[in-house]
Structure formats: structure tokens, C-alpha cells
Q: 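This is the structure I want to talk about, given as C-alpha cells.
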Amino acid sequence: MAAIKPRVIYWFRTDLRLHDSPALKAALDLEPEVLWPIFTWDPHYVYQVKASPSRWQYILDCQQDLSDSIRKLNSKSKLFVIREAPQTLFPKLFSAWKATHLVFERDTDAYARERDKVVTDAAKKAGVEVITRYGRTLWDSDEIVVKNGGKPTMSITQLQAAGQKIGEVPKPIPAPDHLPDAGEVPINFDQDQASKTDDLNASYRSKADNTYRSIAGPKDDFAVETLEELGFPAATTPHRGGETLALQQLDKVMADVKYAATFRKPETSPASMEPATTLLSPNLHFGALSPRLFYWRAMQVVEKYGKGASVPPESLTGQLLFRDMYFAAQAAIGSPYIQTLNNPYVRFIPWHLPSKHDDADTGTMAISGKYHVDSPQADKWFRRWKAGVTGFPFVDALMRQLRIEGWIHHLGRHMVACFLTRGGCYVHWERGADVFEELLIDHEPASNAGNWQWLSCTAFFSQYYRCYSPVAFGRKWDKNGDFIRKWVPELKHLDAKYIYEPWKATQAALDDAGVQIEGDGLSDDGRDDIYPVAMFDFQERKSICLAAMKRAFSIGLHGNDEAVKNGSCLRKQGRQRWKDLMGTNGSDGDKDGGEHAGDAGHEEKHNLKGRNSGKRSRSKSSTVKEGPMDRHVRKLKA
DNA sequence: TGGGTAGTTGGCCTA
DNA sequence: TTAGGCCAACTACCC
């Protein structure tokens, strides 16, 4: 009797490509009789990951392009999108399709590991062999951790040393030139419906999510979902995804040999009208582009260019090394990596708007997406920051570009992150990370949390006295303020002398530009002749924050210290200790001396146009008056 | 043990 | 116009 030929389910996840896929190669090496390329439309993502329509559009682009590419290789195949949670789907699918193997690329984040364990256990039970490979980063993140002595890679030199111990980055695997037929796809089982309660994307939808109406889509053809089905309005980003476009963009970047070979990230402009960097990050995130292909193409160009080429960490390959560093740090630290609480590597700073956590009794202590409003003033600053109406034009331009395009330059991210945390608002970096998670089309959990820790000087970086100025930093790149004129049209005609600091403009200059400086911007009705008053005096805030950071560093608590975990560092005596470094005039959060005073939770109500969420502030100015706490902090500094 | 130095990407002043 | 030095001083790593 002839042996049964393998019947393979290939599960695409964060590897939406055909080129350089070690897992796909492993699947094809089985010489299967049939191979089903599938994607599970997981309700965990659809309801539990908050993302703008732009990011949803991007993942749909990637899926559609992959499906088209599969079909080009074999007209009897495509990407079969199945609309159900993988945990409940696979046990049914294994038997309905008589599969012998399940193959997928390993993933490192906490949810993925948990999900894959459930699926792998179900496969074992069904007698299905599971094969996995890893190709998301240059080196296997778990292997990097081992070579780094079991510790997270907290610097680029550690990552490089660990990588060197493993050896050369694997060379990319060419895309297959053929694919087996997909087998029959009977659905002789019921679809398990996910609960739609707690849909984090509800505020974005103009209609209900319909993607789960049928397991195989509205035409029962396993088609890729559409934004329409998701109930989302059209995406605002001009950036589109997918392997085909990613490879074209990679070719374009590498064709400019001088640009690619001498690329120095710190010398690229955050205020450029056209992106000064490669814009390949969202395709790396969704797996439409292999980092190893990117790496070796960059190495080729560097070799061709010869003397004068840039080197890590500033070069193109350096950027990929940083990505590996964050992935390996996450792999070592596990689920606390994306938060402060219970994370031994992240410094505790008593920022405003700290996260609420899931029940500490169950031991999870995970951030819940909600936060304590310990200071109404800081909360307002945060909302103005998110909406791009801080009254600091360079900050607002960047935040508006982020909201519309889902992408801003890396140094622009530095600027707004420093401003929100240690260099202005003294708001918790987890609030900023939430906003980036929602709005960035290239949001990568490992890089996002890592970079927020970096910029807030709580991990990876600690030189908190290096502070970005919302005026000087932008001006260095764009003297005339063209970038501001594009994104903050209210100031389009303002004299370049005042464009970064309109509060200094004379009335005549404002009249000439046809703009008035007024209000807090949260409740305006989209008028282009009003720009908000700056929310505070930056120099004053900077020195308050700096003094507060200095004190917090000297106390030196970290996320896993008992006093942080049980909250005692903010209670009673502990609170006294922190009281003088809360970074605002602390009167508004200090009424009862208890934990997280003024706690009201918070529901997001504001977008760029304010959505009629409140009446225009009666006060002409929202400049903060100095409070007793501020004087106290200044005394500390003196 | 402890002093020296390196660390992707600051601001500001001066020559 | 731009390059260099100082500011005030962090952690991690090395010898």
C-alpha cells in the first residue's frame, strides 16, 4: 500500500509573503499532495487590537496581494481566509479536510505563544504533525536570548555580540516557482462565533462588523475581508501594503546605491515632505517583506559602494539590528515587556495617567488599556497631544500626520514621545504607546514598547537631560516650516520667524497670516483661522520634568519592586516621597492622599476635530499657572 | 573595586 | 553657515 502523501495546511500569520519563508519551504519540502494556504481572521485581533482603518487597510492589502500571487503560481489555489478563532477552528478543520500536517512560522509575542500552544495541542490530539520555522527577524529571537546569557538584549552591542555567536544571518530563500493544488475545502461544521462585547474598534466603525456573518465570507469563497465588511470608513493613509509593492520599494531603495549605502538614520529629516526613510517598516511588520532579504540586499549595496559606506547602528542594516534587539528583549522578558508593572528592566517613574491593570490577584498584572486620571490637567494635555492641538506647531504637525497617514519619521516619533513623557507633560509612556499602537500602520509591539521605554528614559536609554525642544529640533531640519504649513494649515501663511513659536508672533504678523491664537483646540469646529494657545511654557515644564526625573532616578525603583507592585510607593509615606516630583502643580490629584486620587477611568472622546465633546474654553489662555509644587521642584533643582 | 569610557539620532553658544 | 565644545551627569561595560 502506498504511503499517504502529506495533506498540508499552511497557516499564514505574520508572514504574508512567498519569498524567503523558511516555514513555507518546509511545507513544500514535504512534497504534499495538497497544500491549503490559509489565514484565520482571528476575533482577538478584530476586537481586541485597537487600530485605525489605515492599519486594517494595510493588512487587507497584504492578504489580497498574497492571495493574487498564490493564484498566479497555481490557478487552483489562493489564500483561503477563514473567519473564526484558530483555537476553535483547527480541531474542526483537521478532520473536515483530512489534514496530515500543519505548518506555520513561529511568533514571539505572548498572545501568539498561548494561541499556538492551544492549536498545537489540538493538532497532536488529531494526529496532525506540526512543523514550525522562524523567519521574522534576522536571527531567531529565542536563540539570541540564549547567546545573551538568557537575558534580554538591552543594547545594540549586546544584540550584535549575541548574533555573532550564532553566525551569519541566514541567506534569503527564493519564492517558490510552483505551489501544489489546494484540496477540497468542505465546511461541514458549525462556525463558532466570538463575543463582540468589548470591541475596542467600535468607535471607528460607521457600521457593524460583518466579517463573521459566514465562515467563508459573503460569497462563500474564502475571500479576503474588506474595510466595508468591517464597517470601517475609507482609510486615510496614502501608504499601501503587500509583497509586490514591498519588493518594488526595496528595489527602488537599493537602486539608489549612494542613498542605501551611506544611509545614516540620525541624519534623515523628520520634517521631510516625502518620507526620508524607506517606509518598509509596515511591510516588515505584516511579513510582506523579509528582514533577511532586506539585510542581504543592503549588504550587497554596501559592498558595491565600497569605502565611505555607513555602518551599524546608523546604517540600514543597523535599523534591522535594532528591530532584532527589541524582539529578543521581548522574547526574554515575556508578557511584562510591554509595560512597567512587573517588568524588572523598566524604571518606575510616577508619571501621570498610570495604567489600570488586570486583577493583580490572578497574577497577570497586565495593562488593561484603561488608565487612572490622577491629574485632570495632565489628562487634558494628553488629549491635546493626541489630537494634535498642543499649540506647539511642530508637535501638532507630527501628530496630525500620524493620525492621517499612520506613519511619521522615526525622529518625529522621538520628538512627540519626549514631549509627552519626560520632556513636557510628564504623562506615562504607556499612554503614548497606546496611541501609537492605534494609529501607526507599522506598529510592532516589540519596537513600540521598546522605543517608548527608550524615549522616556525608563529602559534602553537613560540620558534624560537630553531633551528635544519642540521649537529648536524642528527648525534644525526645516527652517521655513514647510512641514508645519502642510499639516497645520491654520499657520500656512505665518512668517517663518514665528512658525515654530506662534505665541511670539506680533498681532500684525497674525493678522497678515489670517490666524488668531485662541482656545485649547479640543472643541474647535475645524476653523482654519484659529490655532490653539500653547498648553504650557516649554522651558518651565522642561526644568520641572528634569528635576522630577533626577529625583526619580535617585530613588531607583523598577517595575518589579514590591513597592511598585503593591502600590505602596504611591501611598501614604510613599506618596509623600513622590509628592514633590509629580511634575505638575499637584493640587488636582492630591485631595485624599490616597492611591490614584481623581480616578475616573477615561473614555476617549476626542479626535482631530473634537467631535463636539465640550464647550470652548472660556479662558483665552490655557497657559498653566505656577503652583506650589512647581516652586518646590525648582527648589530641588537649585 | 573603581575609574574610564561608550552610548544610533539634544540644545545652545561661540568662533 | 557650520563645526566644536560645554551643559550636567544617566547606565553598562570594560579593564
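The structure displayed is predicted, hence computed values, not measured ones. Order of the sequence lines fixes the chain letters, A, B, ..., with proteins taken first and strands second; residue numbering starts at 1 for each chain. Just so you know, these numbers use all the heavy atoms, side chains as well, and skip hydrogens, waters and symmetry mates.
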Q: Of all residues at least two apart in sequence or in a different chain, which pass the ring pair (Phe, Tyr, Trp, His ring centres under 6.0 Å) check with Tyr326(A)?
A: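 With neighbours one apart ignored, the set is Phe460(A).
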Q: Give Arg347(A) one of three labels, base, sugar-phosphate or nothing, depending on what nucleic acid heavy atoms sit under 4.0 Å from its own.
A: sugar-phosphate
Q: Dump every N/O contact between nucleotides 10-15 of chain B and the protein below 3.5 Å, one line per pair.
A:
from: dG11(B); atom 1: OP1; to: Ser469(A); atom 2: N; distance (Å): 2.7

Q: For Val564(A), which residues count as a side chain to side chain contact (heavy atoms under 4.5 Å, CB included) partner, sequence neighbours excluded?
A: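 Per chain and number, Val564(A) pairs via side chain to side chain contact (heavy atoms under 4.5 Å, CB included) with Leu341(A), Phe348(A), Leu557(A), Asp561(A), Cys569(A).
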Q: What would the secondary structure line of DNA chain B be in dot-bracket form, counting Watson-Crick and G-U wobble pairs under 3.5 Å, with [ ] for pairs that cross earlier ones and | for pairs with another strand?
A: .||||||..||||||
Q: Are the ring of Phe553(A) and the six-membered base ring of dC10(C) within the stacking cut-offs of under 5.5 Å and under 30°?
A: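 The base of dC10(C) is not stacked with Phe553(A) (the test needs centres under 5.5 Å and planes under 30°).
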Q: Nearest whole angstrom, please: distance from the C1' of dC10(C) to the CD of Gln463(A).
A: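 One finds 6 Å between C1' of dC10(C) and CD of Gln463(A), rounded.
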Q: Distance check needed: dA12(C) P versus Tyr345(A) OH, whole Å only.
A: 10 Å
Q: Kindly state which residues belonging to residues 405-420 of chain A come within less than 4.0 angstrom of DNA chain B, counting heavy atoms of the residue only, listed by number.
A: His410(A), Leu411(A), His414(A)
Q: Students often get this wrong, so: under 4.0 angstrom with heavy atoms, is Gln319(A) touching a base, only sugar-phosphate, or nothing?
A: base
Q: All N/O contacts under 3.5 Å from nucleotides 13-15 of chain C to the protein, with atom names and distances to one decimal?
A:
from: dC13(C); atom 1: OP1; to: Gln158(A); atom 2: NE2; distance (Å): 2.2

Q: Taking only Lys NZ, Arg NE, NH1 and NH2, and the carboxylate oxygens of Asp or Glu, determine whether Asp140(A) and Arg106(A) approach each other closer than 4.0 Å.
A: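 Looking at Arg106(A) together with Asp140(A), the answer is yes, because their closest N to O distance falls below 4.0 Å.
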Q: Looking at residues at least two apart in the chain, or sitting in another chain, which of them share a side chain to side chain contact (heavy atoms under 4.5 Å, CB included) with Glu267(A)?
A: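 Checked Glu267(A) against side chain to side chain contact (heavy atoms under 4.5 Å, CB included); matches are Arg264(A).
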Q: Check every strand shown and say whether Trp477(A) touches a base, only sugar-phosphate, or nothing at a heavy-atom separation below 4.0 Å.
A: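 Answer is nothing: Trp477(A) stays at 4.0 Å or more from every strand.
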Q: Phe263(A): which residues meet the ring pair (Phe, Tyr, Trp, His ring centres under 6.0 Å) condition with it, sequence neighbours left out?
A: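 Phe263(A) satisfies ring pair (Phe, Tyr, Trp, His ring centres under 6.0 Å) with Tyr259(A) only.
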Q: Which label fits Phe392(A) and Phe536(A): parallel for a plane angle under 30°, tilted from 30 to 60°, or perpendicular past 60°?
A: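 It falls in the tilted class, 30° to 60°.
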Q: When the P atoms of dA8(C) and dT8(B) are compared, how many Å lie between them, rounded to an integer?
A: 24 Å
Q: Can you classify the ring geometry of Phe461(A) versus Trp454(A) as parallel (below 30°), tilted (30 to 60°) or perpendicular (above 60°)?
A: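 Rings of Phe461(A) and Trp454(A): parallel, under 30°.
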Q: Tell me whether Arg55(A) is salt-bridged to Glu444(A), with the criterion being a basic N under 4.0 Å from an acidic carboxylate O.
A: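 Looking at Glu444(A) together with Arg55(A), the answer is no, because their closest N to O distance does not fall below 4.0 Å.
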Q: If we take the P atom in both dT9(B) and dT1(C), what is their distance in whole Å?
A: 27 Å
Q: Let me see the working for Trp385(A) and Phe419(A) under ring pair (Phe, Tyr, Trp, His ring centres under 6.0 Å), right down to the final yes or no.
A: CA-CA 9 Å; Trp385(A) 175 85; Phe419(A) 184 86; 8.3 Å; no
Q: To the nearest Å, give me how far apart CE (Met549(A)) and C1' (dT11(C)) are.
A: 13 Å
Q: Can you tell me which residue pairs pass the salt bridge (Lys or Arg N to Asp or Glu O under 4.0 Å) test with a partner in residues 408-419 of chain A, sequence neighbours excluded?
A: Arg413(A)-Asp442(A)
Q: Taking the inter-plane angle between the rings of Phe473(A) and Tyr468(A) on a 0 to 90° scale, is it parallel (under 30°), tilted (30 to 60°) or perpendicular (over 60°)?
A: perpendicular
Q: Test of understanding: with ring pair (Phe, Tyr, Trp, His ring centres under 6.0 Å), list the residues that count as partners of His410(A), not counting sequence neighbours.
A: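 Counting only residues at least two positions away or on another chain, His410(A) forms a ring pair (Phe, Tyr, Trp, His ring centres under 6.0 Å) with His414(A).
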Q: Please state the C1' separation for the pair dC14(C) and dT1(B) - nearest whole angstrom.
A: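 It works out to 13 Å between them.
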Q: Which residues pass the side-chain hydrogen bond (donor to acceptor under 3.5 Å, both in side chains) test with Thr317(A), sequence neighbours left out?
A: Ser315(A)
Q: Looking at residues at least two apart in the chain, or sitting in another chain, which of them share a ring pair (Phe, Tyr, Trp, His ring centres under 6.0 Å) with Tyr498(A)?
A: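 Here no residue qualifies.
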